[in-house]
Structure formats: structure tokens, C-alpha cells
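What follows is a set of notes on a single structure, which appears directly below.
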Amino acid sequence: QVQLVESGGGLVQAGGSLRLSCVASGRYFSTYAMGWFRQAPGKEREYVAAITWSGATTYYADSVKGRFTISRDNAKSTMYLQMNSLKPEDTAVYYCQAVSPKVYWGQGTQVTVSS
């Protein structure tokens with residue numbers, strides 16, 4: 001069974017940067033489409049970014065375009081989210097997702113951006 005573990009969250013000031021990581025178990029990582037979602041208190045989970053199995057094509061929500069970069073290293077079974085120019089509205093629990101085509105979720109990592 002595929003397991004996903006996020007890390008890299010923390011507290012940063014507005015304008016700062018963080019890099020989130022998601023390590024996946026399973027030997028077929030390179031075949032999974034993957035993405036990042038986030039959920040703020042009292043709000044629904046929302047899509048942030050996605051990446052194809054090869055890493056050649058990426059997708060971003062309008063709210064993070066130009067600030068966030070999604071990438072993956074299939075040799076390390078790891079996906080990343082580089083977050084720059086962070087804003088207080090980016091504060092949320094960030095979750096990684098894998099589709100194999102079954103859908104798997106990690107437990108989430110907290111990102112807090114102070115003003």
C-alpha cells in the first residue's frame with residue numbers, strides 16, 4: 001500500500017520561503033501523477049499544484065502561479081513544493097496526493113505565514 005509523508009512546514013514571515021517534501025513508499029513512484037493541496041481552518045481543501053509522472057508538465061492554481069514551483073525526483077521517490085514570496089493567506093495544512101490510479105493522501109504539514 002502506498003504511504004505518503006510530508007515534511008518541511010513551519011513558521012515564516014511574509015515574503016519568506018519554504019520547501020515542502022513528500023516521500024512516497026512503493027516501487028512504482030515514477031508512474032504516479034502527483035500534486036499538492038492545502039486546507040485552512042474552517043475552509044475546504046483546495047488544489048495548489050500538480051505534476052505529471054515524468055515531471056515534464058506542471059500545473060498551478062492561479063493563487064500561487066509565479067510564486068510556487070512543483071518538482072519531483074523519481075530516483076528518491078520524492079515530490080517537492082518550493083514556496084517563495086509567501087503570504088499570510090498561504091497559511092494552511094499542506095497535503096500531498098498520489099494517483100496510481102487509486103488516490104492516496106499524506107497526513108499533512110503545517111505552514112504558517114506571519115504578517
Side-chain angles (χ1 to χ4, degrees):
Q1 184 173 351
V2 175
Q3 292 183 309
L4 305 172
V5 180
E6 303 97 332
S7 63
L11 174 63
V12 297
Q13 294 183 353
S17 298
L18 284 173
R19 188 177 75 158
L20 306 184
S21 299
C22 175
V23 179
S25 67
R27 58 191 301 163
Y28 303 109
F29 177 82
S30 63
T31 70
Y32 304 161
M34 299 190 70
W36 289 96
F37 290 72
R38 67 188 182 187
Q39 187 167 23
K43 297 184 178 180
E44 295 185 346
R45 189 177 302 181
E46 66 175 345
Y47 158 80
V48 175
I51 189 167
T52 56
W53 66 269
S54 68
T57 305
T58 58
Y59 308 88
Y60 298 94
D62 288 342
S63 60
V64 306
K65 285 181 179 178
R67 300 188 298 120
F68 291 11
T69 302
I70 188 171
S71 62
R72 65 191 297 167
D73 185 339
N74 289 344
K76 296 181 178 180
S77 298
T78 302
M79 178 179 65
Y80 305 95
L81 185 68
Q82 178 66 48
M83 304 184 294
N84 298 326
S85 302
L86 283 163
K87 305 174 181 179
E89 50 263 45
D90 295 319
T91 296
V93 177
Y94 283 70
Y95 299 89
C96 66
Q97 179 202 60
V99 182
S100 67
K102 292 182 178 180
V103 178
Y104 300 90
W105 295 96
Q107 295 300 306
T109 184
Q110 177 70 49
V111 172
T112 302
V113 184
S114 62
S115 60

Taking every non-hydrogen atom, the tightest pair across [X] and [Y]:
{"X": "R72", "Y": "N74", "value": "NE-OD1, 2.9 Å"}
{"X": "E6", "Y": "Y95", "value": "OE2-CA, 3.2 Å"}
{"X": "A14", "Y": "S115", "value": "CB-CA, 4.4 Å"}
{"X": "T78", "Y": "S21", "value": "CG2-CB, 4.3 Å"}
{"X": "Q110", "Y": "A92", "value": "NE2-O, 3.4 Å"}
{"X": "V64", "Y": "R38", "value": "CG1-NH1, 4.0 Å"}

* Asked: Between D62 and K65, is the closest basic N to carboxylate O distance under 4.0 Å?
  ->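 Salt bridge: yes.
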Tell me whether [Y] is reachable from [X] by hopping between hydrophobic residues (I, L, V, M, F, W, Y) whose side-chain heavy atoms are closer than 4.5 Å.
{"X": "Y80", "Y": "I51", "value": "no"}
{"X": "Y104", "Y": "Y94", "value": "yes"}
{"X": "V103", "Y": "V93", "value": "yes"}
{"X": "L18", "Y": "F68", "value": "yes"}
{"X": "L20", "Y": "L86", "value": "yes"}

Flag the pair [X] / [Y] as yes when at least one side-chain heavy-atom distance between them is below 4.5 Å, and no otherwise.
{"X": "M79", "Y": "L81", "value": "no"}
{"X": "D90", "Y": "M83", "value": "no"}
{"X": "Y59", "Y": "Y47", "value": "yes"}

With a 3.5 Å distance limit and no angle check, can you tell me whether [X] reaches the backbone of [Y] through a side-chain donor-acceptor pair?
{"X": "R67", "Y": "S85", "answer": "yes"}
{"X": "T109", "Y": "G9", "answer": "yes"}
{"X": "T91", "Y": "V113", "answer": "yes"}

* Asked: Does atom CD of Q39 have more than 12 heavy-atom neighbours from other groups under 6.0 Å away?
  ->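 Enclosed: over 12 neighbouring heavy atoms sit under 6.0 Å from CD of Q39.
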* Should we count CD of Q3 as having more than 12 external heavy atoms under 6.0 Å? ->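 No, because the 6.0 Å sphere around CD of Q3 holds 12 heavy atoms or fewer from other groups.
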* Asked: Distance from M34 atom CE to S100 atom OG, nearest 0.5 Å?
  ->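 One gets 10.5 Å once the value is rounded to the nearest 0.5 Å.
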* Asked: Taking atom CD1 of I70 and atom OG1 of T57, what is their separation to the nearest 0.5 Å?
  -> 11.5 Å
* **Plane angle bin for F37 and W105 - parallel if under 30°, tilted between 30 and 60°, otherwise perpendicular** =>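 Correct class here is perpendicular.
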* Asked: Can you check side-chain contact (heavy atoms from CB on, under 4.5 Å) on V2 and K102, steps first, answer last?
  -> CA-CA 10 Å; V2 175; K102 292 182 178 180; over 6 Å; no
